[in-house]
Structure formats: C-alpha cells, structure tokens
Protein chains: 2
Amino acid sequence: MRADARRNYERLLAEAEVAFRERGTEASLEEIARRAGVSIGTLYGHFPTRQALLEAMLHESIDRLVATAEELLTHPSPGEALTRWARATAAHMSAYRGLATSLLSSLKDENSPLYRACQQMTAAGQRLLDRARAAGLVRAEAGADDMFALINAAAWVREQVSDEQGNRLLAFMLDGLRPVPAKTRRPADPGP
Amino acid sequence: MRADARRNYERLLAEAEVAFRERGTEASLEEIARRAGVSIGTLYGHFPTRQALLEAMLHESIDRLVATAEELLTHPSPGEALTRWARATAAHMSAYRGLATSLLSSLKDENSPLYRACQQMTAAGQRLLDRARAAGLVRAEAGADDMFALINAAAWVREQVSDEQGNRLLAFMLDGLRPVPAKTRRPADPGP
DNA sequence: ACCTGAACACCGTTCAAGT
DNA sequence: ACCTGAACACCGTTCAAGT
C-alpha cells in the first residue's frame with residue numbers, strides 16, 4: 001500500500017470513529033470524507049460499503065472484547081464473569097448509536113464484513129455462557145445466539161434511556177436467562 | 001374540513017400504513033405522497049412531521065391495545081394476563097420496522113405526538129404489572145417504564161431475528177421481571 | 001495504484017403562487 | 001381553506017479522467 005494511501009486510510013478511520021460516535025452508524029459518509037480531507041471517491045476506494053468501514057473501525061475493540069471474554073473464563077465466579085462480559089459488551093456497543101441494529105442485522109448476511117465480528121463475539125460469549133450453565137446459573141434453552149441478541153437489545157435500549165435504567169434492564173435480561181425454579185410455577189398461573 | 005381535504009387525509013394515512021409496514025418508519029414521505037396521488041406539500045399540510053403521521057396512523061391500533069389491557073385485568077391469571085399483553089404489544093410494534101426506536105426515543109420529548117401514545121401504553125401496562133406484582137410474580141424494582149422499555153426491546157429484536165427466537169427472547173425478558181428467589185443467591189456468586 | 005470530483009438519482013422541508 | 005410544485009440543501013454511489 002502506497003504511503004499516501006495508507007495515510008488516507010488512517011485518516012478516514014479516525015474521522016469515521018468520531019462521526020459514528022457523535023452521529024451514529026448512519027452518519028454521512030460524505031462528511032467523513034470531507035473531514036478526513038479526501039474525496040468521497042477515496043472513501044469508497046478503501047471501504048466499498050458502510051459496513052466495511054464500520055468493521056474496520058471496530059476491529060481492534062472487538063478483538064479486545066473477545067480477549068476480555070478469554071480472561072474472564074478464569075474468573076472464580078462463572079456468573080459474575082458472564083455478567084461482567086455482558087455489561088462491557090453492551091456498554092461498548094451503545095457508544096455508537098445504531099450499532100446494535102447494524103450488528104444484529106448483519107447476522108442475516110454471511111457476506112457482510114460484520115458477520116465475522118458477530119460470530120466471534122457469539123463464540124466468545126458461548127464459552128462464558130456454558131461455564132455459567134454448568135454452574136446451574138443458566139437455563140437449558142438459552143443459546144449463545146440468544147445471549148448475543150440480548151446483549152444487543154440491552155445496547156439498543158441503553159441508547160434510548162438513562163444509564164440507570166439501562167443498567168437495570170440489562171440486569172433483568174440476564175436474570176431472565178436463569179433457570180426458573182419449579183416451586184414458583186403454578187398450574188393455575190404460568191407466570192409473567 | 002373540506003371534503004377534498006378529508007379525502008386526501010385518508011388516502012395519505014392509508015398509503016402511510018402500507019409504506020411503514022413495507023419499508024419501516026423511515027419510508028420516503030415523497031413516495032407516500034406520490035402513491036396517495038397528492039403533492040408533497042399536501043402531506044406536510046396535514047402532517048407537519050413524520051411523527052405526526054406515525055401517530056395518526058397508529059392511533060386506532062394503540063387505542064385497541066389499551067382496551068385489550070383493560071379487558072385482561074379481569075383475566076383469572078395475573079401472570080398470564082401480563083404475558084399476553086406484552087406479546088400482543090410487541091407483535092404489533094414489530095410490524096413496522098423502526099417503530100420501537102421511534103416510540104422509545106419519543107419519550108424524551110414531551111411535545112412529540114408519540115409521547116402521549118407511549119404514556120397511554122405505559123399506564124395500561126402499569127395496571128397489569130401491579131396486579132402481577134400483587135400476586136408475587138414481579139420484583140419490586142421493576143416499574144411500568146421498565147416493562148414498556150422491555151416490550152420495545154423485544155419488538156426491536158423481533159424485527160431482526162426469527163419469530164421463534166423472538167418469542168423465546170420475550171419470554172426470557174419477562175422472566176427477568178420475576179422476583180429472584182433468595183435461595184439461588186450465593187455470597188460467592190451473584191449470578192449472571 | 002490511487003485519487004478527484006462531476007454526474008445521477010433520490011430525499012426532507014419550505015413557501016410563493018395558485019384555485 | 002387547501003393544494004401545487006419548484007427551490008434549496010443534503011446525501012449515497014459510480015465512474016471517466018487525471019496523476
């Protein structure tokens with residue numbers, strides 16, 4: 001890659017990070033190119049689609065989240081480890097308005113540059129989830145894709161409500177993954 | 001209201017319903033006007049903002065959901081009543097891609113035409129929630145705004161995943177509102 | 001190799017002019 | 001009282017022409 005091309009690439013990435021953070025994942029690509037001091041054609045030359053730009057911008061931080069999951073596998077408490085990872089992931093996603101929507105919808109398209117990112121995060125979550133399940137903290141029907149979807153839903157809701165309510169709602173969702181004790185089920189009332 | 005104005009109003013509403021259902025709540029207003037056979041200026045004359053158009057389009061169905069909540073208050077099982085209402089509401093919302101986002105974000109703006117709609121739905125949910133709480137099925141910290149947010153999150157996630165997974169995730173979220181039995185809490189492990 | 005920017009198609013929103 | 005449609009500002013995306 002030529003030196004000037006590399007410089008343009010880096011500047012585009014930096015401005016994309018700012019724009020996506022401030023205006024969400026639907027931020028204007030023309031504005032990103034403008035602020036990076038390059039032509040819109042240059043942006044498209046490096047990143048053929050919005051998703052490609054998003055993926056490049058997120059690559060490092062997603063790698064870090066996956067590494068965090070790895071580390072948390074050695075945390076003494078499987079439940080606490082799962083909760084911490086879910087919180088960190090939801091917090092990261094909600095930093096970019098619209099990201100949860102972009103991510104979850106990219107799961108429908110194997111060719112999306114974000115598809116791999118979602119797969120990696122789901123796989124990382126799976127190991128934490130299975131460990132918590134082995135400790136009796138997670139019900140049988142809850143899969144790794146369910147947890148990934150819930151984290152995305154928590155990130156989405158966090159974009160729209162107060163931090164306090166956002167934290168509470170994530171906690172509710174994770175509690176929803178716990179096994180439902182048989183004693184609270186009643187024939188006359190299947191519960192809420 | 002003049003007869004021709006009324007006819008234009010109705011046609012705009014009808015085309016908006018189709019467009020929002022097919023293309024989501026960000027559907028092109030110009031296309032709606034075009035399909036209704038009126039000028040874009042006429043659309044703006046009747047509906048000054050996208051939210052105003054959305055509100056008018058949803059008005060009846062939201063009234064119906066509120067009435068459903070009322071009826072469910074007499075259902076023999078408070079838990080079942082709450083679940084049914086949440087399911088019906090989430091299903092209705094997810095029929096229009098982007099609606100959950102529009103609704104939840106309208107809560108930040110008292111002047112939004114959708115604000116009243118959200119308030120009504122929250123109030124309707126509150127009575128079902130309190131009844132379920134009185135039956136010991138809902139934890140103390142969960143408020144009506146939390147349930148409204150969760151229903152929106154369920155509707156949002158339903159837009160992006162299979163029906164089957166969407167149903168499962170809503171069930172998880174509602175289970176997350178249940179009181180957590182003390183015996184499953186352990187000092188060494190706060191759970192997921 | 002890479003970059004530029006005009007070109008095309010589309011949209012949201014306003015408002016003077018019409019009936 | 002209501003409607004029209006041109007006008008303005010903005011955007012996504014492509015591609016011939018330049019270096």
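So that the names make sense, note that chain A is the first sequence line, chain B the second, and so on, each numbered from 1.
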S.K.: Give the rounded distance in Å between these two atoms: CG of L12(A) and P of dC2(C).
M.R.: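 Atom-to-atom, L12(A) to dC2(C), this comes out as 14 Å.
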S.K.: Rounded to whole angstroms, how far apart are CG on L29(A) and P on dC10(D)?
M.R.: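 My rounded result for the distance is 16 Å.
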S.K.: Measure CD/E26(B) against P/dC10(C) and give the value in whole Å, please.
M.R.: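 It works out to 19 Å between those atoms.
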S.K.: State whether the side chain of R139(A) and the backbone N or O of F172(B) hold a donor-acceptor pair below 3.5 Å, judged by distance alone.
M.R.: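 Flag not set: sc R139(A) to bb F172(B) has no pair under 3.5 Å.
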S.K.: Output yes when R34(A) and E15(A) qualify as a salt bridge under the 4.0 Å nitrogen-oxygen rule, no when they do not.
M.R.: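 Result for this pair is no, no salt bridge flagged.
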S.K.: On DNA chain C, nearest-nucleotide positions of G37(A) versus G41(B): which is more 5'?
M.R.: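 Per heavy-atom nearest nucleotide, the more 5' residue is G37(A).
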S.K.: Fit a plane to each ring of Y9(B) and H46(B), take the angle between them on a 0 to 90° scale, and name the class: parallel (under 30°), tilted (30 to 60°) or perpendicular (over 60°).
M.R.: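 The rings of Y9(B) and H46(B) stand perpendicular, inter-plane angle above 60°.
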S.K.: If you look at every strand shown and take non-hydrogen atoms under 4.0 Å, does G45(A) touch a base, only sugar-phosphate, or nothing?
M.R.: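 The answer is nothing, as G45(A) stays clear of every strand by at least 4.0 Å.
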S.K.: Can you tell me the distance, in whole Å, between the CZ atom of R6(B) and the P atom of dA1(D)?
M.R.: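 Distance check: R6(B) CZ to dA1(D) P gives 16 Å.
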S.K.: Taking only the side-chain heavy atoms of Y44(A) (C-beta and beyond), determine which of dG12(D), dG12(C), dC2(D) contains the nearest atom.
M.R.: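 Closest nucleotide among those given: dG12(D).
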S.K.: Return the value, rounded to whole Å, for the distance between atom CD of E10(B) and atom P of dC2(D).
M.R.: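 To the nearest whole Å, that distance equals 14 Å.
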S.K.: For dC2(D), does either OP1 or OP2 sit under 4.0 Å from a side-chain N or O belonging to N8(B)?
M.R.: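 So the side-chain polar atoms of N8(B) never come under 4.0 Å of the phosphate oxygens OP1 or OP2 of dC2(D).
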S.K.: Report the nucleotide, chosen from dG12(C), dT4(C), dT13(D), that has the shortest atom-to-atom distance to any side-chain atom of V38(A).
M.R.: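 Nearest to the side-chain atoms of V38(A), counting from C-beta on, is dT4(C).
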S.K.: To the side chain of T42(B), which of dT13(D), dT4(D), dC3(C) is closest?
M.R.: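 The answer is dT4(D).
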S.K.: Charged N to carboxylate O below 4.0 Å: is that the case for D175(B) and R178(B)?
M.R.: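 Between R178(B) and D175(B) there is a salt bridge, with a charged N closer than 4.0 Å to a carboxylate O.
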S.K.: Quick one: which of dA6(C), dT13(C), dC2(C) gets closest to the side chain of A5(A)?
M.R.: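 The answer is dC2(C).
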S.K.: Would you mind reading off the distance between L43(A) atom CG and dC2(C) atom C1', rounded to a whole angstrom?
M.R.: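 Rounded to whole Å, this separation is 14 Å.
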S.K.: My understanding is that a pair needs two contacts under 3.5 Å, Watson-Crick or G-U wobble. By that rule, which nucleotide pairs with dA9(C)?
M.R.: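 Looking at the geometry, dA9(C) pairs with no nucleotide.
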S.K.: I40(B) CD1 to dA17(C) P: how many Å, rounded?
M.R.: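 Rounded to the whole Å, the gap is 21 Å.
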S.K.: Which nucleotide in the list dT13(C), dC3(C), dA1(D) gets nearest to the side chain of R2(B)?
M.R.: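 Nearest listed nucleotide: dA1(D).
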S.K.: Please confirm whether the backbone N or O of L73(B) pairs with a side-chain atom of R131(B), one donor and one acceptor, at under 3.5 Å?
M.R.: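 Here the side-chain-to-backbone pair exists.
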S.K.: Could R127(A) and D130(A) be called an ion pair, given the rule that one side-chain N must be under 4.0 Å from one carboxylate O?
M.R.: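 Looking at R127(A) and D130(A), the cut-off is not met.
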S.K.: Of all the nucleotides listed (dC11(C), dT4(C), dC11(D)), which has the minimum atom distance to the side chain of R34(B)?
M.R.: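 My answer, after comparing the listed nucleotides, is dC11(C).
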S.K.: Nearest to the D4(A) side chain among dT4(C), dC3(C), dG12(C), which nucleotide is it?
M.R.: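 Nearest to the side chain of D4(A) among the choices is dC3(C).
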S.K.: If the cut-off is 4.0 Å, is S28(B) near the phosphate of dG12(C), judged by side-chain N/O to OP1 or OP2?
M.R.: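 So the side chain of S28(B) is within the cut-off, an N or O lying under 4.0 Å from OP1 or OP2 of dG12(C).
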S.K.: Is the phosphate of dC2(C), meaning OP1 or OP2, less than 4.0 Å from a side-chain N or O of H46(A)?
M.R.: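 No.
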S.K.: In Watson-Crick or G-U wobble terms, both distances under 3.5 Å, what is the partner of dA1(D)?
M.R.: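 Checking every strand shown, dA1(D) finds its partner in dT19(C), with both distances under 3.5 Å.
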S.K.: Please determine, for the side chain of E31(B), which listed nucleotide (dG12(D), dC11(C), dG12(C)) has the closest atom?
M.R.: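 It is dC11(C).
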S.K.: Can you tell me how far P of dG12(D) sits from CZ of R23(A), to the nearest Å?
M.R.: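 Value for this atom pair: 12 Å.
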